[in-house]
Amino acid sequence: MYNFSKIENKWRKYWADHDTFHTDVWDFSKPKFYVLDMFPYPSGVGLHAGHVEGYTATDIVSRMKRMQGYNVLHPMGYDSFGLPAEQYAVSTGNHPNGFTQKNIETFTNQLKSIGFDYDWSKTLQTSDPKFYKWTQWIFKQLYLDGYAKYVDMPVNWCEELGTVLSNDEVIDGKSERGGYPVVRRNMKQWVIDQAAFAEKLLAGLEEIDWPESTKEMQRNWIGKSVGAHVVFKVSGTDHEFTVFTTRPDTLFGATYCVMSPEHALVNEITTPEKKAEVEAYQKICATKSDLERTELNKEKTGVFIGAYAINPVNQQEIPIYISDYVLATYGTGAIMAVPAHDDRDYEFAKKFDIPIVQVLEEVTGIPHENEKRKNSIVAIVYDKKQDKYLTIQWGQNGGRLFVGGTRQTGESAVDCAIREIGEETGYTDIELVCEDFKINHHYYAYNKDVYFNIEATPLLFELKSDEKKEQQLDEDEKFAVEWVSRECIESEIKDELHAKAFSYVMNPNAMVGDGIHIHSEFLDGMNKEEAIHAMISWLEEHHYGNKQVNYRMREWIFARQRYWGEPVPVVYLEDGKIHVLDDDELPLVLPELEDYRGHGGKAPLENAKEWKNYSHNGMVGVRETSTMPGSAGSSWYFLRYIDPSNDNEFANYELLKHWMPVDLYIGGPEHAVGHLMYSRIWNHYLYDKGLSPVKEPFQKLVHQGMILGANGIKMGKRYPEYAIDPLDIVRDYGADTLRLYEMFMGPLEASKPWSQQGVEGAQKFLDRIYRLYESGKVQDGENKNLEKIYHQTVKKVTEDFETLNFNTAISQMMIFVNAVYKEDIFPKEYAEGFIKLLNPVAPHIAEEIWEMLGHTGTMAFEEWPTYDESKIVEDTREIAVQVNGKVRATIMISVDEDENMIKEKAMNAENVLRHIEGKEIVKVIVIKGKIVNIVVK
RNA sequence: GCCUGAGUGGCGGAAUUGGUAGACGCACAGGACUUAAAAUCCUGCGAGAAUCAACCCUCGUGCCGGUUCAAGUCCGGCCUUAGGCACCA
């Protein structure tokens, strides 16, 4: 009888008593394997089902690798600084550490009850002064090397939380925690210049085995864009300003400039008569929170400041506006606006009625030698009353088209369109709705035997009345004038130019794609890429600008007005200088407080009057009272696990060199840009300094999916009634069942709903295994019937564990057990091999069965089973025979069977004969070992 | 709007990367064991037409189209959904 609780208690005790999973990090005799879980914040709620999923995955790999002869490092610790403990301290007046330690104890006991093979002698807590001494020390190095800076800058300020937040802690203008409004405010801040690492971070992504989606998110977060700086002079003044653009090729199309309302030059160049208006607008923007700014996204706002800029390429004077669609914090805080080729500028120009100048034409059709050039139009007429469009049906001579025609010398596109509509259809009472961007089209005219390259203007008219005049048609023009629906146009108008013209006028917006340049002097005829290079050269040559790279990534604000975090080890001296603490002053320990609240937006540490005042070696000053953000400790903890009790350095370099990088890192996708970016930054920094041996800390990263409630809804705060407490499952079904079930639910990375019946199924499987080993079928000897499936199982399970496809590995184990149930003899060799395969998933029952098989002690270091490929290869095989792609029969073939023999067999299979009878055999396709397909007519 | 994934029976999910769709599990149904139930073991289980029954036939991987001897898998266009980004010039 499978008594899970007895077995599990027994083996948990055994592992603890024998220090089974202690890792000797100095043992370099075996290959190393460092497998890591993202360490949890020890919340009062304790372990949830999602933790168990990720931790079981690493546990399986860890246990398998150990059996495969690796020296495995699989540690666990706690990210123990954080808001809940602080809130507890605020409301009770007790030190947050007590609360934290209690939660950590609960967490540790829960983790142990699930049987994870962590080496608890290497655990760590980020809130432990022994640990944060080194967090402070690394910060100090960042400061000394100029990466950590104290600067005045706009920050995300949350009044309710009384602290500054980083960009990733702000969601839609609200705080990530609590959802309180966040406003922008200027403050002196400690920041880390992460953009300095941007290129290294981008390059590093190429070398690591991470989910592509996570890499992509990081790339977007870094937000590299290559472009140019362009200098504009302000007309009639000595002032000039620089803009950043990724599209210097469109400079000839710049029809205005925009500065952010905060731009330093605005107040100097605004004309006196515009002053009041400009200041009013600036005021509105300054008081807007981020939330309001995003809400106001839909409608562009702005003010003309009265000044003009001079476009360096053509000396044209263009107006300067201010608008909050230009951000002060990105680029230079000023832009050149090219409404024809930028969506935002287009929108703004439409609203403020600013000229739109096209300098790039989309190209359609295929170019040819000796083309004749001409200008033409595509005129679309819309009749609102019947919701139909005017088309011309040319039948064989071109299908359905809109009205088209060639512009005569001196004739405008609109005039040409009106003329052509009148001549071809007779309609005269029409009104122009829009004239869209020109298209550069190549085509061949069959009737004239000429290749054309035309510049075609799409126009949209609305029909006002049915008023008509006589059509004026040439002899050869035979067509029908038809009003058709939009659907009809979309399916019947095949001509590339006309279809494109229709989509242009139906959805008028900026032309942002590639094409060829026009009205751009030395750029004319070039495509986007060529023109960008040409323009940058021109700018550099004429000293009007240069190539420039910008990053969206901002400075990482590295201070919070909170108590429960690492104190920033810095003192402001009386002479105004900044003193970073000497090494022997570290750790700078958090003082006990009477009151853990911050008052009036000030940090709680302001309450520590004595602690705050600094006097040392003749220096007098006050300490920084803000603390580091939550992500500080987690940005390097993976290095500390390797040498967690070292008091002389954060970790011994020789050990780091042996153990880094982390071979497998598993954790939730919510850390894709936060923790995983910060860790890479710190590690890159330490690498540059020669303190970390590898550039990239996490060689392979996998995100576990979310475990949903049984109804498919996210568990957690909103629906506590659907929450599953994994400890209940351990109590009622056992830890092995919990582990097995969570691994069998589906792919590790997918979100999956919980199923109580599924848990019972998992337990049934373990029970079935247990009974099998009790049954007496396990005997010395052989059973040929099981040979193939045993070797298949070893192969499949080994490979699937390696690639983290646990669900299919377990499925294979079930298939194997089902097969053994049909046999009378279960050879001991297979019985032992199989239990080794089971061990990583369900270690307690595996250890117990291992003992039942006559062994003493743990199986944790037993050798992982091997398989013999030759035993897996089948000598005969069933393959399908298809007739015209449909399976009609299966035949047995031997591996080395001759192709003609296979054909012969296939053609004579009973059901195949029925399907090919009386038909002509076109061909027979034989794919060795896979399939036969007979094609008949 | 943009960038990533995903969409397969009643359900969770398989499918060697283009080669017998639905492995394995759950649920359900039938049978065996039992005085009986539970547990266990065995069998069946995508939909449909037809048949005493078996073979067999048609349809079927979100939708429409394409490539191919062959498409869940590749290509084009949509729809739905999850996550991320969102005036970044």
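Worth knowing before you read on, the calculation uses all heavy atoms, side chains too, and leaves out hydrogens, waters and symmetry mates. In what follows, chains carry the letters A, B, and so on, assigned in the order in which the sequence lines appear, proteins first and then strands, with residues in each chain numbered from 1.
Side-chain nitrogen and oxygen atoms of A:Tyr330 include at least one within less than 4.0 Å of the OP1 or OP2 phosphate oxygen of B:A89.
Remark: A:Tyr504 pairs with no residue by the ring-ring contact (aromatic ring centres under 6.0 Å, His included) rule, at least two apart or across chains. Residues satisfying the side-chain contact (heavy atoms from CB on, under 4.5 Å) test with A:Thr876, not counting sequence neighbours, are A:Met892, A:Ser894. Remark: A:Asp343 engages no residue in a side chain to side chain donor-acceptor pair (under 3.5 Å) (not counting sequence neighbours). Partners of A:Glu53 by side chain to side chain donor-acceptor pair (under 3.5 Å), not counting sequence neighbours, listed by chain and number: A:Lys752. Residues passing the side chain to side chain donor-acceptor pair (under 3.5 Å) test with A:Lys795 are A:Glu869, sequence neighbours excluded.
Between A:Ile320 and A:Phe241 there is a side-chain heavy-atom pair separated by less than 4.5 Å.
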What would the secondary structure line of RNA chain B be in dot-bracket form, counting Watson-Crick and G-U wobble pairs under 3.5 Å, with [ ] for pairs that cross earlier ones and | for pairs with another strand?
(((((((..(((......[....))).(((((.......))))).(((........)))..(((((..]....))))))))))))....
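In this structure, the CZ atom of A:Arg552 is 6 Å from the P atom of B:A86, given to the nearest Å. Counting to the nearest Å, the P atom of B:U16 and the CZ atom of A:Arg877 are 13 Å from each other. Between A:Gln792 atom CD and B:C24 atom P the separation is 13 Å, expressed in whole Å. Atom CD in A:Glu742 sits about 16 Å away from atom C1' in B:G25, given to the nearest Å. Between the C1' atom of B:G5 and the NZ atom of A:Lys215 lies a distance of 16 Å, rounded to the nearest Å. Atoms NZ (A:Lys795) and P (B:U16) sit 13 Å apart, rounded to a whole Å. Atom CG of A:Asp342 is separated from atom P of B:C87 by 13 Å (rounded to the nearest Å). Across the protein-nucleic acid pair, A:Glu749 atom CD and B:A82 atom P stand 20 Å apart, rounded to whole Å.
Annotated as anti: B:U67, whose O4'-C1'-N torsion sits more than 90° from 0. Applying the 90° cutoff around 0 to the glycosidic angle, B:G60 is assigned anti.
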Listing time: all N or O pairs from protein to nucleotides 41-48 of chain B that are below 3.5 Å?
| from | atom 1 | to | atom 2 | distance (Å) |
| --- | --- | --- | --- | --- |
| B:C41 | OP1 | A:Arg768 | NH1 | 2.4 |

List every contact pair, protein side and nucleotides 8-14 of chain B side both N or O, where the distance is under 3.5 Å.
| from | atom 1 | to | atom 2 | distance (Å) |
| --- | --- | --- | --- | --- |
| B:G12 | O2' | A:Met745 | O | 2.6 |
| B:G13 | O3' | A:Asn807 | ND2 | 3.4 |
| B:A14 | OP1 | A:Asn807 | ND2 | 3.0 |

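Nucleic acid contact for A:Glu878: base, since at least one base atom lies under 4.0 Å from a heavy atom of the residue. Heavy atoms of A:Ser225 sit under 4.0 angstrom from primed sugar atoms or phosphate atoms, though from no base atom.
In this structure a side-chain-to-backbone donor-acceptor pair under 3.5 Å is present from A:Lys351 to A:Lys300. Panel note: side chain A:Gln358, backbone A:Leu360; a donor-acceptor pair is recorded below 3.5 Å.
Remark: A:Tyr330 OH to A:Arg552 CZ distance equals 7.5 Å, nearest 0.5 Å. Between the CG atom of A:Asp342 and the CG atom of A:Asn509 there is a distance of 11.0 Å, given to the nearest 0.5 Å. A:His703 NE2 to A:Met38 CE: the interatomic distance, rounded to the nearest 0.5 Å, is 6.0 Å. If you take CE on A:Met553 and CG on A:Asn220, they are separated by 12.0 Å, rounding to the nearest 0.5 Å. Separation of atoms OH (A:Tyr346) and CD1 (A:Ile354) is listed at 13.0 Å; rounding is to 0.5 Å. Atoms CZ and CG, on A:Arg771 and A:Asp767 in that order, are 4.5 Å from each other to the nearest 0.5 Å.
Nearest heavy atom pair, residue A:Pro312 against residue A:Leu251, reads CG-CD2, 4.4 Å. The minimum heavy-atom distance linking A:Phe244 with A:Ser225 is given by the pair CZ-O, 3.7 Å.
B:C33 sits 33 Å from B:G13 when the C1' atoms are compared, rounded to a whole Å. Going from the P atom of B:U20 to that of B:A71 covers 11 Å, rounded to whole Å. For the P atom pair drawn from B:C57 and B:A21, the interatomic distance equals 13 Å after rounding to whole Å. Atom name P, nucleotides B:G76 and B:A6: the rounded distance is 15 Å, in whole Å. Distance check on atom C1': B:U40 versus B:C55 gives 35 Å, rounded to whole Å. Of the C1' atoms belonging to B:U67 and B:C52, the separation is 47 Å, rounded to the nearest Å. B:A36 and B:A27 have their P atoms separated by 24 Å, with the value rounded to a whole Å. Comparing B:C63 with B:G10, their P atoms sit 14 Å apart, to the nearest whole Å.
Comparing A:Ile815 and A:Glu760 against RNA chain B, the residue whose closest nucleotide sits nearer the 5' end is A:Ile815.
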Compile the donor-acceptor pairs under 3.5 Å between side chains in residues 800-814 of chain A and protein atoms, sequence neighbours left out, one pair per line.
| from | atom 1 | to | atom 2 | distance (Å) |
| --- | --- | --- | --- | --- |
| A:Asp800 | OD2 | A:Lys796 | NZ | 3.2 |
| A:Asp800 | OD2 | A:Thr808 | OG1 | 2.8 |
| A:Asp800 | OD2 | A:Ala809 | N | 3.4 |
| A:Glu802 | OE1 | A:Lys65 | NZ | 3.3 |
| A:Glu802 | OE2 | A:Lys65 | NZ | 3.0 |
| A:Thr803 | OG1 | A:Glu799 | O | 2.9 |
| A:Thr803 | OG1 | A:Asp800 | O | 3.4 |
| A:Thr803 | OG1 | A:Asn805 | OD1 | 2.9 |
| A:Thr808 | OG1 | A:Asn805 | O | 3.0 |
| A:Gln812 | NE2 | A:Thr793 | OG1 | 3.0 |

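By the 4.0 Å N-to-carboxylate-O rule, A:Arg219 lies close enough to A:Glu206 to be salt-bridged with it. A salt bridge is defined here as a Lys NZ or Arg NE, NH1 or NH2 lying under 4.0 Å from an Asp or Glu carboxylate O, and A:Glu347 with A:Lys350 fails to meet this definition.
Residues from residues 248-256 of chain A placing a heavy atom under 4.0 Å of any atom in RNA chain B do not occur.
Aromatic ring centres of A:Phe348 and A:Tyr256 lie closer together than 6.0 Å.
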Whether each nucleotide of nucleotides 53-60 of chain B has a protein heavy atom under 4.0 Å at its base (B), only at its sugar-phosphate (S) or at neither (-) is summarised, 5' to 3', as ---SSSS-
Going 5' to 3' through nucleotides 68-77 of chain B and flagging B where a protein heavy-atom sits under 4.0 Å of the base, S where only the sugar-phosphate is that close, and - otherwise, we get -BS-------
